[in-house]
Asker: 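To start, I am sharing the structure in question, which I have written as C-alpha coordinates.
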Amino acid sequence: AQKVTQAQTEISVVEKEDVTLDCVYETRDTTYYLFWYKQPPSGELVFLIRRNSFDEQNEISGRYSWNFQKSTSSFNFTITASQVVDSAVYFCALSEARAGTASKLTFGTGTRLQVTL
Amino acid sequence: DTEVTQTPKHLVMGMTNKKSLKCEQHMGHRAMYWYKQKAKKPPELMFVYSYEKLSINESVPSRFSPECPNSSLLNLHLHALQPEDSALYLCASSHATGGFQETQYFGPGTRLLVL
(Lines give C-alpha, C1' and ligand atoms only; values in the text may rest on other atoms or scores of the structure.)
Protein backbone atom coordinates (compact mmCIF):
# COMPACT_ATOMS: atom_id res chain seq x y z
CA ALA A 1 0.00 0.00 0.00
CA GLN A 2 1.14 3.52 -0.72
CA LYS A 3 1.43 6.21 1.91
CA VAL A 4 2.45 9.87 1.95
CA THR A 5 3.34 11.65 5.16
CA GLN A 6 3.50 15.41 5.60
CA ALA A 7 4.44 15.78 9.23
CA GLN A 8 4.15 19.57 9.26
CA THR A 9 0.52 20.49 9.72
CA GLU A 10 1.01 24.22 9.70
CA ILE A 11 3.97 26.55 9.13
CA SER A 12 4.01 30.26 9.67
CA VAL A 13 6.81 32.47 8.28
CA VAL A 14 7.45 36.12 7.71
CA GLU A 15 7.70 37.32 4.13
CA LYS A 16 11.14 36.84 2.51
CA GLU A 17 12.01 33.91 4.74
CA ASP A 18 12.86 30.59 3.10
CA VAL A 19 10.63 27.67 4.01
CA THR A 20 10.88 23.92 3.36
CA LEU A 21 7.88 21.62 3.27
CA ASP A 22 8.65 17.98 4.04
CA CYS A 23 7.20 14.93 2.31
CA VAL A 24 8.02 11.30 3.02
CA TYR A 25 6.48 8.49 1.04
CA GLU A 26 6.14 4.71 1.13
CA THR A 27 5.61 2.44 -1.86
CA ARG A 28 6.56 -1.04 -3.00
CA ASP A 29 6.55 -0.01 -6.64
CA THR A 30 9.88 0.47 -8.39
CA THR A 31 8.37 2.98 -10.80
CA TYR A 32 6.19 5.73 -9.40
CA TYR A 33 5.52 9.44 -9.66
CA LEU A 34 5.58 12.18 -7.07
CA PHE A 35 3.69 15.45 -7.20
CA TRP A 36 3.26 18.71 -5.38
CA TYR A 37 -0.01 20.62 -5.58
CA LYS A 38 -0.90 24.02 -4.15
CA GLN A 39 -4.40 24.80 -2.89
CA PRO A 40 -5.03 28.49 -2.22
CA PRO A 41 -8.12 29.60 -0.28
CA SER A 42 -10.11 29.68 -3.54
CA GLY A 43 -10.03 25.87 -3.50
CA GLU A 44 -8.50 24.92 -6.83
CA LEU A 45 -5.68 22.39 -6.67
CA VAL A 46 -2.84 23.80 -8.75
CA PHE A 47 -0.26 21.38 -10.13
CA LEU A 48 3.30 22.48 -9.32
CA ILE A 49 5.64 19.64 -10.23
CA ARG A 50 5.89 15.95 -11.11
CA ARG A 51 8.95 13.82 -10.47
CA ASN A 52 9.53 10.32 -11.87
CA SER A 53 11.11 7.72 -9.61
CA PHE A 54 13.92 7.07 -12.08
CA ASP A 55 14.93 10.73 -12.22
CA GLU A 56 16.52 11.97 -9.00
CA GLN A 57 17.66 15.28 -10.41
CA ASN A 58 16.64 18.13 -8.20
CA GLU A 59 14.78 20.98 -9.81
CA ILE A 60 14.58 24.72 -9.44
CA SER A 61 11.82 26.84 -10.91
CA GLY A 62 12.07 30.49 -9.94
CA ARG A 63 11.64 30.70 -6.17
CA TYR A 64 10.61 27.04 -5.96
CA SER A 65 12.98 24.09 -5.65
CA TRP A 66 12.45 20.39 -5.05
CA ASN A 67 14.81 17.88 -3.45
CA PHE A 68 14.03 14.25 -4.35
CA GLN A 69 16.02 11.65 -2.41
CA LYS A 70 15.13 8.05 -3.10
CA SER A 71 17.45 6.79 -0.37
CA THR A 72 15.32 8.49 2.29
CA SER A 73 11.99 8.31 0.37
CA SER A 74 11.64 12.05 0.59
CA PHE A 75 10.50 14.73 -1.82
CA ASN A 76 10.87 18.09 -0.10
CA PHE A 77 9.78 21.44 -1.45
CA THR A 78 11.50 24.75 -0.70
CA ILE A 79 10.18 28.23 -1.32
CA THR A 80 12.91 30.86 -1.33
CA ALA A 81 12.08 34.42 -0.29
CA SER A 82 8.47 33.57 0.51
CA GLN A 83 5.67 35.96 -0.39
CA VAL A 84 2.17 36.47 0.96
CA VAL A 85 0.78 34.95 -2.25
CA ASP A 86 2.48 31.68 -1.31
CA SER A 87 -0.01 31.26 1.54
CA ALA A 88 -1.92 28.08 0.77
CA VAL A 89 -2.19 24.41 1.63
CA TYR A 90 0.43 22.32 -0.12
CA PHE A 91 -0.18 18.65 -0.86
CA CYS A 92 2.41 16.07 -1.72
CA ALA A 93 1.04 13.10 -3.67
CA LEU A 94 2.22 9.75 -5.03
CA SER A 95 0.91 7.67 -7.90
CA GLU A 96 1.77 4.25 -9.20
CA ALA A 97 2.74 3.71 -12.82
CA ARG A 98 0.09 1.77 -14.73
CA ALA A 99 0.55 1.88 -18.49
CA GLY A 100 -2.42 2.89 -20.58
CA THR A 101 -4.80 3.73 -17.79
CA ALA A 102 -5.84 6.43 -15.38
CA SER A 103 -3.66 7.16 -12.38
CA LYS A 104 -4.66 6.99 -8.73
CA LEU A 105 -3.17 9.62 -6.44
CA THR A 106 -2.36 9.05 -2.79
CA PHE A 107 -2.29 12.43 -1.06
CA GLY A 108 -0.54 13.49 2.09
CA THR A 109 -2.56 15.35 4.71
CA GLY A 110 -1.26 18.70 3.52
CA THR A 111 0.81 21.49 5.05
CA ARG A 112 -0.82 24.87 5.58
CA LEU A 113 1.67 27.65 4.90
CA GLN A 114 0.93 31.12 6.23
CA VAL A 115 3.19 33.93 5.05
CA THR A 116 2.77 37.23 6.88
CA LEU A 117 4.18 40.71 6.30
CA ASP B 1 -4.12 25.14 -22.05
CA THR B 2 -4.40 23.16 -18.84
CA GLU B 3 -7.94 24.09 -17.90
CA VAL B 4 -10.72 22.13 -16.29
CA THR B 5 -13.97 24.00 -15.73
CA GLN B 6 -16.67 23.18 -13.21
CA THR B 7 -20.20 24.48 -12.74
CA PRO B 8 -21.73 25.67 -10.56
CA LYS B 9 -19.16 27.28 -8.25
CA HIS B 10 -21.51 27.07 -5.29
CA LEU B 11 -24.59 24.97 -4.70
CA VAL B 12 -27.06 24.87 -1.82
CA MET B 13 -29.56 22.05 -1.86
CA GLY B 14 -32.09 20.44 0.40
CA MET B 15 -31.99 16.75 1.26
CA THR B 16 -34.87 15.99 -1.11
CA ASN B 17 -33.47 17.89 -4.09
CA LYS B 18 -31.89 16.49 -7.23
CA LYS B 19 -29.01 18.45 -8.70
CA SER B 20 -26.02 17.87 -10.97
CA LEU B 21 -22.43 19.02 -10.96
CA LYS B 22 -20.72 19.49 -14.31
CA CYS B 23 -17.10 19.29 -15.37
CA GLU B 24 -15.53 19.95 -18.76
CA GLN B 25 -12.02 19.71 -20.20
CA HIS B 26 -10.66 20.39 -23.68
CA MET B 27 -7.14 19.03 -23.27
CA GLY B 28 -7.84 15.78 -25.07
CA HIS B 29 -7.58 13.87 -21.82
CA ARG B 30 -9.16 10.41 -21.66
CA ALA B 31 -9.46 10.06 -17.89
CA MET B 32 -11.70 12.13 -15.66
CA TYR B 33 -12.07 12.05 -11.88
CA TRP B 34 -14.41 13.15 -9.12
CA TYR B 35 -12.99 13.93 -5.68
CA LYS B 36 -14.67 15.01 -2.47
CA GLN B 37 -12.77 17.25 -0.07
CA LYS B 38 -13.85 18.10 3.46
CA ALA B 39 -12.36 21.07 5.28
CA LYS B 40 -8.73 20.60 6.36
CA LYS B 41 -8.49 17.20 4.70
CA PRO B 42 -6.91 15.99 1.47
CA PRO B 43 -9.11 15.18 -1.51
CA GLU B 44 -10.72 11.74 -1.47
CA LEU B 45 -11.20 9.92 -4.74
CA MET B 46 -14.80 9.04 -5.57
CA PHE B 47 -14.92 7.93 -9.20
CA VAL B 48 -12.64 7.53 -12.20
CA TYR B 49 -13.66 7.32 -15.83
CA SER B 50 -11.09 6.04 -18.27
CA TYR B 51 -11.94 6.17 -21.98
CA GLU B 52 -15.53 6.98 -21.00
CA LYS B 53 -15.94 3.85 -18.93
CA LEU B 54 -16.25 3.83 -15.16
CA SER B 55 -13.00 2.24 -13.99
CA ILE B 56 -12.96 3.06 -10.28
CA ASN B 57 -15.81 3.52 -7.81
CA GLU B 58 -14.42 3.99 -4.31
CA SER B 59 -17.51 2.51 -2.62
CA VAL B 60 -19.41 5.76 -2.96
CA PRO B 61 -23.07 5.77 -1.77
CA SER B 62 -25.62 5.45 -4.55
CA ARG B 63 -26.98 8.92 -3.86
CA PHE B 64 -23.98 10.03 -5.95
CA SER B 65 -24.29 8.95 -9.58
CA PRO B 66 -21.53 9.77 -12.09
CA GLU B 67 -22.00 10.08 -15.82
CA CYS B 68 -19.49 10.57 -18.63
CA PRO B 69 -21.44 11.56 -21.79
CA ASN B 70 -18.24 11.94 -23.82
CA SER B 71 -14.49 12.24 -23.26
CA SER B 72 -14.73 15.98 -22.49
CA LEU B 73 -17.64 15.98 -20.08
CA LEU B 74 -18.21 14.53 -16.64
CA ASN B 75 -21.33 14.92 -14.53
CA LEU B 76 -22.11 14.03 -10.95
CA HIS B 77 -25.82 13.59 -10.24
CA LEU B 78 -26.87 14.19 -6.66
CA HIS B 79 -30.04 12.89 -5.05
CA ALA B 80 -31.22 12.63 -1.45
CA LEU B 81 -27.97 13.90 -0.03
CA GLN B 82 -27.21 14.20 3.65
CA PRO B 83 -25.77 17.24 5.47
CA GLU B 84 -22.48 15.34 5.89
CA ASP B 85 -22.13 15.36 2.10
CA SER B 86 -21.44 19.10 2.27
CA ALA B 87 -17.93 19.52 0.89
CA LEU B 88 -15.83 20.83 -1.98
CA TYR B 89 -16.24 18.59 -5.03
CA LEU B 90 -13.27 18.62 -7.35
CA CYS B 91 -13.05 17.35 -10.89
CA ALA B 92 -9.74 16.40 -12.52
CA SER B 93 -8.56 15.04 -15.83
CA SER B 94 -5.44 13.32 -17.15
CA HIS B 95 -4.11 11.67 -20.30
CA ALA B 96 -4.77 8.12 -19.01
CA THR B 97 -1.48 6.91 -20.42
CA GLY B 98 -0.22 5.83 -17.01
CA GLY B 99 3.22 6.95 -18.08
CA PHE B 100 5.57 9.74 -17.13
CA GLN B 101 3.24 12.38 -18.61
CA GLU B 102 0.35 11.25 -16.45
CA THR B 103 -0.61 14.29 -14.38
CA GLN B 104 -4.02 15.11 -13.01
CA TYR B 105 -5.20 18.68 -13.59
CA PHE B 106 -7.93 19.94 -11.32
CA GLY B 107 -10.86 22.28 -11.77
CA PRO B 108 -11.80 25.07 -9.33
CA GLY B 109 -14.35 22.90 -7.56
CA THR B 110 -17.99 23.19 -6.55
CA ARG B 111 -18.72 24.09 -2.93
CA LEU B 112 -21.79 22.11 -1.96
CA LEU B 113 -23.92 22.79 1.09
CA VAL B 114 -26.69 20.34 1.94
CA LEU B 115 -29.33 21.67 4.32
Side-chain angles (χ1 to χ4, degrees), chain A residues 2-10 21 23 25 29-57 59 68 88-114, chain B residues 2-6 8-10 23 25 27 29-58 68 71 74 87-112:
Chain A
Q2 301 190 324
K3 186 177 177 184
V4 177
T5 301
Q6 294 180 256
Q8 304 150 309
T9 307
E10 202 158 331
L21 309 183
C23 174
Y25 63 91
D29 293 338
T30 52
T31 301
Y32 51 89
Y33 307 110
L34 294 161
F35 303 81
W36 276 96
Y37 285 89
K38 174 184 179 180
Q39 189 172 41
S42 60
E44 181 172 357
L45 269 170
V46 178
F47 164 69
L48 295 178
I49 191 171
R50 176 189 59 246
R51 217 72 197 125
N52 308 324
S53 57
F54 46 85
D55 181 4
E56 284 192 75
Q57 235 180 352
E59 184 158 335
F68 175 32
V89 179
Y90 291 85
F91 290 99
C92 181
L94 169 68
S95 83
E96 56 201 358
R98 293 287 182 266
T101 187
S103 58
K104 195 170 173 181
L105 284 173
T106 299
F107 283 94
T109 50
T111 296
R112 181 176 300 275
L113 175 64
Q114 184 75 36
Chain B
T2 55
E3 188 179 66
V4 177
T5 59
Q6 289 187 244
K9 278 191 170 180
H10 301 273
C23 175
Q25 58 88 14
M27 295 179 278
H29 288 170
R30 302 308 302 271
M32 295 188 78
Y33 309 74
W34 279 117
Y35 287 85
K36 172 182 177 180
Q37 187 180 22
K38 301 284 272 185
K40 301 196 176 188
K41 297 286 187 185
E44 294 175 27
L45 184 64
M46 299 174 72
F47 302 103
V48 182
Y49 274 84
S50 184
Y51 295 88
E52 297 149 56
K53 288 187 177 2
L54 183 65
S55 62
I56 297 176
N57 176 343
E58 294 286 288
C68 188
S71 59
L74 184 66
L88 177 67
Y89 288 83
L90 292 161
C91 173
S93 70
S94 71
H95 282 292
T97 57
F100 69 93
Q101 290 185 332
E102 184 66 6
T103 297
Q104 291 185 31
Y105 294 94
F106 286 79
T110 295
R111 290 193 187 274
L112 173 67

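Throughout, protein chains are lettered first and strands after them, A, B, ... in sequence-line order, and every chain is numbered starting at 1.
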Asker: To the nearest 0.5 Å, how far apart are CZ in R50(A) and CD in Q104(B)?
Answerer: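 Taking CZ in R50(A) and CD in Q104(B), the distance rounds to 11.5 Å.
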Asker: Looking only at heavy atoms and a cut-off of under 4.5 Å, which of G107(B), A92(B), P108(B), A31(B) has the most pairs with chain A?
Answerer: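 Result: the option with the highest number of such pairs is P108(B).
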Asker: So which atom in F91(A) and which in P42(B) form the shortest heavy-atom distance, rounded to 0.1 Å?
Answerer: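 Nearest heavy atoms, F91(A) then P42(B): CE2-CA, 3.5 Å.
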Asker: At a heavy-atom distance under 4.5 Å, which candidate from T31(A), L45(A), V46(A) has the highest pair count against chain B?
Answerer: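 When all of T31(A), L45(A), V46(A) are compared, L45(A) has the most.
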Asker: OG1 of T106(A) to CG of L45(B): how many Å apart, nearest 0.5 Å?
Answerer: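 Between T106(A) OG1 and L45(B) CG, I get 9.5 Å after rounding to 0.5 Å.
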Asker: How about K38(A): does its NZ atom have over 12 heavy atoms from other parts shown lying under 6.0 Å from it?
Answerer: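 Yes, because the 6.0 Å sphere around NZ of K38(A) holds more than 12 heavy atoms from other groups.
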Asker: Where does Q37(B) contact chain A at under 4.5 Å (heavy atoms): side chain, backbone, both or neither?
Answerer: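 Only the side chain of Q37(B) comes within 4.5 Å of chain A.
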Asker: Of the non-hydrogen atoms in G43(A) and L90(B), which two are nearest, and what is the gap between them?
Answerer: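 Looks like O-CD2, 3.9 Å.
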Asker: Mind running side-chain contact (heavy atoms from CB on, under 4.5 Å) on Y35(B) and L105(A) for me, showing each step along the way?
Answerer: CA-CA 11 Å; Y35(B) 287 85; L105(A) 284 173; 4.0 Å; yes
Asker: What pairs with E56(A) under salt bridge (charged side-chain N to carboxylate O under 4.0 Å, His left out), at least two apart in sequence or on another chain?
Answerer: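 For E56(A), no residue satisfies salt bridge (charged side-chain N to carboxylate O under 4.0 Å, His left out) once neighbours in sequence are set aside.
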Asker: Given that the side chain runs from C-beta out, which part of R112(A) has a heavy atom under 4.5 Å from chain B: side chain, backbone, both or neither?
Answerer: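 Only the side chain of R112(A) comes within 4.5 Å of chain B.
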Asker: With sequence neighbours excluded, give me every salt bridge (charged side-chain N to carboxylate O under 4.0 Å, His left out) pair touching residues 30-43 of chain B.
Answerer: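 As it turns out, the salt bridge (charged side-chain N to carboxylate O under 4.0 Å, His left out) pairs with a partner in residues 30-43 of chain B, which skip direct neighbours, are R30(B)-E52(B), K36(B)-D85(B).
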